[in-house]
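Here the structure is laid out as structure tokens; the discussion comes afterwards.
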Amino acid sequence: MAQSRWHTIRNEGGVTHARRLPAHFDVSAETTFPLLRRGRLATQIRQDLWRALKGLRGFSPVVEVRTQEGGLVVRAGGSVVGPFPATTTQTVIADLLADTTKRARWVARSQITQSEV
């Protein structure tokens with residue numbers, strides 16, 4: 001089995017899922033979610049983020065999921081090697097995070113089960 005090239009950093013406050021370490025954001029957008037499985041949510045968002053920006057040369061996605069009272073805060077974006085259209089890229093990320101169909105899929109796949117409560 002091939003080894004994953006993705007890094008998942010878990011700590012008390014959240015999860016960071018990144019292509020490269022150290023993870024940093026040149027561009028990002030934020031949204032909130034109810035309480036879900038943080039690692040699974042980060043992976044789901046990262047997959048769609050990677051698909052949405054696959055044409056952006058030098059892009060390395062990062063998704064950070066932090067716990068806050070009553071839910072989660074998600075910061076999605078990443079780093080880009082070289083020049084890039086920051087405003088357009090941020091709009092693509094914000095639109096992805098606001099997409100109701102994708103959000104419903106992410107929530108459905110990241111639900112906390114009764115055994116995890």
Side-chain angles (χ1 to χ4, degrees):
M1 178 181 233
Q3 184 177 357
S4 174
R5 295 183 187 158
W6 296 93
H7 305 279
T8 302
I9 302 161
R10 299 175 189 279
N11 58 38
E12 241 180 75
V15 172
T16 302
H17 195 61
R19 179 72 173 176
R20 294 187 194 121
L21 293 179
H24 73 276
F25 293 93
D26 291 327
V27 63
S28 68
E30 286 192 4
T31 190
T32 59
F33 282 90
L35 287 175
L36 300 166
R37 294 171 68 185
R38 296 176 305 189
R40 173 100 24 118
L41 180 62
T43 300
Q44 293 294 310
I45 294 171
R46 186 267 304 161
Q47 289 171 344
D48 286 330
L49 180 62
W50 185 254
R51 289 179 192 120
L53 292 172
K54 65 184 174 189
L56 181 58
R57 186 180 181 116
F59 178 67
S60 180
V62 178
V63 178
E64 178 184 74
V65 181
R66 298 182 318 270
T67 304
Q68 73 171 14
E69 189 172 324
L72 302 172
V73 175
V74 173
R75 182 178 179 199
S79 61
V80 184
V81 176
F84 68 100
T87 305
T88 305
T89 305
Q90 187 167 8
T91 301
V92 169
I93 296 168
D95 290 348
L96 174 77
L97 293 177
D99 185 308
T100 55
T101 304
K102 286 182 175 52
R103 288 179 69 90
R105 181 171 43 86
W106 298 335
V107 168
R109 293 185 178 178
S110 303
Q111 290 288 334
I112 296 174
T113 62
Q114 284 293 73
S115 63
E116 296 172 317
V117 175

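All values derive from a computational prediction rather than experimental measurement. We're numbering straight along the sequence, starting at 1.
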If you look at every heavy atom in W6 and P61, which pair is closest and at what distance? CH2-CG, 3.6 Å
Are V65 and L35 co-members of a hydrophobic cluster defined by side-chain heavy atoms under 4.5 Å apart? yes
Identify all side-chain donor-acceptor contacts of residues 40-49 below 3.5 Å with residues at least two apart in sequence or on another chain.
{"unit_1": "R40", "atom_1": "NH1", "unit_2": "R109", "atom_2": "O", "d": "3.3"}
{"unit_1": "T43", "atom_1": "OG1", "unit_2": "G39", "atom_2": "O", "d": "3.0"}
{"unit_1": "R46", "atom_1": "NE", "unit_2": "H17", "atom_2": "NE2", "d": "3.3"}
{"unit_1": "D48", "atom_1": "OD1", "unit_2": "R51", "atom_2": "NH1", "d": "2.8"}
{"unit_1": "D48", "atom_1": "OD1", "unit_2": "R105", "atom_2": "NH2", "d": "3.3"}
{"unit_1": "D48", "atom_1": "OD2", "unit_2": "R105", "atom_2": "NH1", "d": "3.4"}
{"unit_1": "D48", "atom_1": "OD2", "unit_2": "R105", "atom_2": "NH2", "d": "2.5"}
{"unit_1": "D48", "atom_1": "OD2", "unit_2": "W106", "atom_2": "NE1", "d": "2.8"}

L56, V63: one ILVMFWY side-chain cluster at the under-4.5 Å cut-off? yes
In short, A29 meets L97 closest at the heavy-atom pair O-CD1, 3.5 Å
Any donor and acceptor pair, going by atom type alone, linking the side chain of R5 with main-chain N or O of R19 inside 3.5 Å? no
Residue pair I112 / R37: nearest heavy atoms and the distance that separates them: CG1-N, 3.8 Å
A76 to F25 - nearest heavy-atom pair and separation: C-CE2, 4.0 Å
Start with the C-alpha gap between L72 and R66, add the side-chain angles, then the distance that decides, and say whether side chain to side chain contact (heavy atoms under 4.5 Å, CB included) holds. CA-CA 6 Å; L72 302 172; R66 298 182 318 270; over 6 Å; no
Is there a side chain to side chain contact (heavy atoms under 4.5 Å, CB included) between V107 and L36 once you walk through the steps? CA-CA 7 Å; V107 168; L36 300 166; 4.0 Å; yes
What verdict does the side chain to side chain contact (heavy atoms under 4.5 Å, CB included) test give for V73 and E30, after you've listed the backbone C-alpha separation in whole Å, the side-chain angles of each residue and the deciding distance to 0.1 Å? CA-CA 7 Å; V73 175; E30 286 192 4; 3.7 Å; yes
Only pairs under 3.5 Å count here: list side-chain donor-acceptor contacts from residues 83-96, not counting sequence neighbours, and write none if there are none.
{"unit_1": "T89", "atom_1": "OG1", "unit_2": "P85", "atom_2": "O", "d": "2.8"}
{"unit_1": "Q90", "atom_1": "NE2", "unit_2": "S28", "atom_2": "O", "d": "3.1"}
{"unit_1": "T91", "atom_1": "OG1", "unit_2": "T87", "atom_2": "O", "d": "2.9"}

Who clusters with V81? Use side-chain heavy atoms, under 4.5 angstrom, across I, L, V, M, F, W and Y, and order the result by chain and number. none
Could you tell me which non-hydrogen atom of T32 sits nearest to which non-hydrogen atom of R103, and how far apart they are? O-NH2, 2.7 Å
